[in-house]
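Comments concern the structure below.
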Amino acid sequence: MERYSPQEIEKKWQKKWKEGNVYRTEMDEKRPKYYALEMFPYPSGNLHMGHVRNYSIGDVLARYKTMEGYNVLHPMGFDAFGMPAENAAIQHGVKPSTWTYENIENMKRQQDQMGLSYDWEREVETCREDYYRWTQWLFELFYKKGLAYKKKASVNWCDTCGTVLANEQVIDGKCWRCDSEVKKKDLSQWFLKITDYADVLLKDLEKLPGWPERVKTMQENWIGRSEGLEFTLDVPSMNEKIPVYTTRPDTAYGITFLALAAEHPLVEKICENNPKAAEIKAFCEKVRSQSDIERTSGESEKEGIFTGVTCVNPFNGNEVQIWVTNYVLAEYGTGAVMGVPSGDQRDWMFAKKYGIDIILTLQPKDHELKLEEMTAAYVEKEGVLVNSGKFTGMDFHEATQGIMDEAEEKGFGKRMVNYRLRDWLISRQRYWGAPIPVIHCEKCGETLVPESELPVRLPEDVEFKQGTLSPLATSKSFTECKCPKCGGPAHRETDTMDTFICSSWYYLRYMDPHNTEKPFEREKANYWGPVDQYIGGIEHAILHLLYSRFFTKVLKDEGLVDFDEPFTNLLTQGMVIKDGAKMSKSKGNVVSPEEIIAKYGADTARLFILFAAPVERDLDWSDQGVEGAYRFLNRVWRILGHFEEDIKSGKAGYDVQALTKEEHDLRRVLHVTIKKVTEDVGERFMFNTAVSSLMELVNALYAFQDKALNAGLAREVAENLLKMLAPFVPHIAEELWNRMFGEGSVHQQKWPGYDASAIVLDEVEIVLQINGKVRDKVTIPADIDRAEMEKVARELPRAKELTAGKTIVKVICVPKKLVNIVVK
RNA sequence: GCCGAAGUGGCGGAAUUGGCAGACGCAGCAGACUCAAAAUCUGCCGUUGGCAACAACGUGCCGGUUCAAGUCCGGCCUUCGGCACCA
């Protein structure tokens, strides 16, 4: 047989698979379905190794499940709206659509080179009218349900991108895309009411045992649920009430000041007829001008200013000073916080700095605190209350409940749950996105574009300039329109939607991609959905994965789908690393998939990536490791070539009894491998160990390279080896299958089962331990009983030697494993 | 600070239920083939001592449970990731 030439055979089979349309999938109620999904890429222009890893994992699963008999949905598409296309327009004058579609073509070409089993007829591109039409339709659905609204708020603004950002897109105070510092701006913007779903998004994480713990934890942290008490303090001089929220009601008798956020609405009122008004306003101005980074950095001093106004602690009637501070967040809770220096470290520091009173309300059980000796607040949630009226002497837990009861009974407070999660800011002042289908009319106000008029198309007559104005606003043909209600002159909303909206439902469109009446047919969604296995990078742990869950829940509530979680199982692959760092242009450690495929072939690239590390862990790229993978495929090629005549002449129903002992051993290795690979791929997602056991099988076959091998066994090994290799290295498996077995595709074969009788050992090697240390090994018949086994072990020369003159205390026998003799 | 994951040879990693630590691969060393090299095939390959048989040590650290611990329990350390002036 000629030498292995991946370049030739890969092209050949890719062409045949395409012509044969072999990956086309249809709904079929009679067969169990399996939906394997890899996160669709942004069309940046080229695949990187992260994509290769992602798609290799997905392709193994899709091909394996197909061979297992499932009706597999394995689609691919492009998350095609977004900033880079627009930047290309600004910098190079290329139309965003042209740039995007050219990139998509190139990436599809690269994906095809990988030999992936996608049903391309289901492809979804979010920037196409037939897709964003339904994105807009879904926006209208949210709007009608009261889940989409416009409001003026202090929002995140990125100067470089010229648009606002969702909270989830601000990473450490910086823009997720361009890394520049994010500012706060007061703007009127569109939001989706994800907070309505905060509780169920949190609670339903329990329904996802197939998700990695770390992803669930991240979402939990992000949603940030806390339980506490909201109550009001009267401001007698102003005839006002200030609500505050606390998770430590037990400390309420220790309130000595009240801290307002600089943005708190009451601040303005406090300044009326206030001699310190100018000073207070200047302070607020200073605080508000700080960026989030400055405001929240660890070193930033707690600062405040006394307003001269006081309020009353409703629990004990104490007079409490009202301060405006820089450390209270306007957006969380009520924007006002009770100040208890003895129970909160921030309040402690603030009180110490400004000489505010401190009242101790909680004493630990094991030692006594004295205010004058304390250097920090006592923040433990254990102890006994002091200085707390009728609650004095009560245990912390009991008092917490008692104080909340008191507030509720007297009507000045109630138990409350708070979330860190904020509503999702979805409008963007950008062109390359789905236009928000809303019309503003002077007379009628805000109106949805009628469903029959969707999509609201992106205009072509726009200007791309770096500036503050959204490019859509420069198109008269777009902005000027008629009001759908009164027919009078009106103008369109010029913001587009966050691309994360587009990607929040794409997995549903794959199920019914050509539907022109609806986003998807309910029956199809309920057949295919939810996704059985989703595969992607950890970077979407919060953003995309939280948004998709939210969308799915809304669609479930609307009756459009029957399931309330989109992704039953989630696999988060690790990054591809080289020389200890993530591959990046700036570090100069990028390995191009296209070059690797050109040099070694896609099968080698896939095999290396699957073998080098378990899927969840970061993968260290190693050029020598790639050589190793290539070497293995060559070994497979050579050894099957060596036995070609035997494989072809061998019969399926050969006489297993006639095998030699060595041949029996090979057959056992084969069936052990089938068992192992089936478990590793099907249950554990341990592709690295699946590959290693296939290597062991090939090594076992090599033991026969200078010996005769039973033709029937040669055939059995080759047939099953190729079937098991097929999901990992589809081209070489298909080529060898074709050469050895002629007609039919290896990918349409049934996944092999193992012969349980073949893996039974006649003899096993057991270990002799003396006091838990291995001292000898012996091979014994596998079916020997415990007493017999002990006898054999005790009679070993080593056992006799080491137990001579000592007392045997105990003998432990583990069948087929070991005998441990305990001596004194 | 809170939450989560991880820590095993020179390297990537394996050990699935408490039962031989280091499978498989990479690198290295040796042999065969070759005029030679590459490729290929075969063997060796945790550390220390020993010619060897063998012994001692060894899965981040300290302690515990057990005949037996990488695995279980208690207490730490380090690294990575998430959240964080969230009251």
Side-chain angles (χ1 to χ4, degrees), chain A residues 3 171-172 212-226 228 244-248 251 259 261 295-298 300-302 325-329 331-340 343-347 349-350 379 418-421 538-539 541-542 577 607-608 611-614 616-629 631-632 634-635 638 676 679-680 683-684 686 688-696 698-699 702-703 705-706 765-777 809-823:
Chain A
R3 38 185 288 270
I171 314 290
D172 295 329
E213 213 49 52
R214 57 175 176 164
V215 174
K216 289 191 276 187
T217 307
M218 283 189 218
Q219 294 210 354
E220 234 173 271
N221 288 343
W222 188 259
I223 296 167
R225 184 181 198 272
S226 78
V244 296
Y245 172 74
T246 179
T247 55
R248 290 298 303 277
T251 63
R295 266 176 97 161
T296 60
S297 85
S300 92
E301 267 286 306
K302 288 180 186 20
T325 71
N326 67 346
Y327 74 93
V328 173
L329 299 173
E331 316 90 65
Y332 184 79
T334 62
V337 172
M338 66 181 203
V340 184
D344 183 282
Q345 189 54 27
R346 293 155 300 187
D347 296 347
M349 278 156 43
F350 191 78
V379 297
N418 251 312
Y419 297 94
R420 215 193 63 96
L421 182 73
I538 186 81
E539 67 273 16
I542 294 169
I577 301 278
L607 186 73
F608 166 70
F611 176 61
E616 302 234 286
R617 236 186 277 181
D618 286 349
L619 182 152
D620 229 331
W621 184 268
S622 148
D623 292 329
Q624 285 164 330
V626 178
E627 293 275 355
R631 218 155 25 220
F632 170 69
N634 273 290
R635 271 167 75 78
R638 270 194 306 272
K676 169 92 174 142
E679 287 166 2
D680 281 355
E683 292 160 31
R684 301 205 303 150
M686 294 282 286
N688 55 332
T689 52
V691 172
S692 77
S693 60
L694 287 167
M695 287 173 169
E696 286 178 271
V698 171
N699 289 346
Y702 260 87
Q705 65 174 335
D706 299 323
E765 189 186 58
I766 62 156
V767 170
L768 168 72
Q769 294 184 341
I770 310 290
N771 287 347
K773 298 210 173 192
V774 179
R775 294 302 174 191
D776 206 359
K777 290 172 187 182
V809 182
K810 196 188 219 182
V811 179
I812 285 113
C813 291
V814 183
K816 295 180 192 180
K817 288 262 166 69
L818 59 82
V819 176
N820 186 10
I821 303 174
V822 186
V823 295

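Order of the sequence lines sets the chain letters (A, B, ...), proteins ahead of strands, with each chain counted from 1.
A:Arg248 meets the salt bridge (charged side-chain N to carboxylate O under 4.0 Å, His left out) test with A:Asp250; sequence neighbours excluded. With sequence neighbours excluded, no residue forms a ring pair (Phe, Tyr, Trp, His ring centres under 6.0 Å) with A:Phe611. For A:Glu627, there are no salt bridge (charged side-chain N to carboxylate O under 4.0 Å, His left out) partners two or more places apart in sequence or in a different chain. Under the ring pair (Phe, Tyr, Trp, His ring centres under 6.0 Å) criterion, A:Trp621 pairs with A:Phe608, sequence neighbours left out. By the ring pair (Phe, Tyr, Trp, His ring centres under 6.0 Å) test, A:Tyr419 pairs with no residue at all, sequence neighbours left out. A:Glu696 pairs by the salt bridge (charged side-chain N to carboxylate O under 4.0 Å, His left out) definition with nothing, not counting sequence neighbours. Scanning for salt bridge (charged side-chain N to carboxylate O under 4.0 Å, His left out) contacts around A:Arg684 gives A:Asp680, with sequence neighbours left out.
Secondary-structure stems of RNA chain B, taken as three or more successive Watson-Crick or G-U wobble pairs (i with j, i+1 with j-1) under a 3.5 Å distance threshold, comprise B:1-7 with B:77-83, B:10-12 with B:24-26, B:28-32 with B:40-44, B:46-49 with B:54-57, B:60-64 with B:72-76.
At the heavy-atom level, A:Arg684 lies under 4.0 Å from base atoms of the strands shown. Using a 4.0 Å heavy-atom criterion, one finds that A:Lys676 contacts the bases of the nucleic acid, with or without backbone contacts as well.
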Where protein sits on nucleotides 18-28 of chain B, one letter per nucleotide: B base, S sugar-phosphate only, - none, heavy atoms under 4.0 Å: -BB--BBSSS-
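RNA chain B is contacted by both A:Val822 and A:Glu679; A:Glu679 maps to the nucleotide lying nearer its 5′ end (nearest heavy atom per residue).
Between A:Arg775 and B:A55, a side-chain N or O to OP1/OP2 separation shorter than 4.0 Å is present.
Of the candidates B:C85, B:A87, B:C83, the closest approach to any side-chain atom of A:Lys302 belongs to B:C85. For A:Asn326, the side-chain atoms get nearest to B:C85 when compared with the rest of B:G4, B:G81, B:C85.
There is a side-chain donor-acceptor pair under 3.5 Å between A:Asn699 and A:Arg635.
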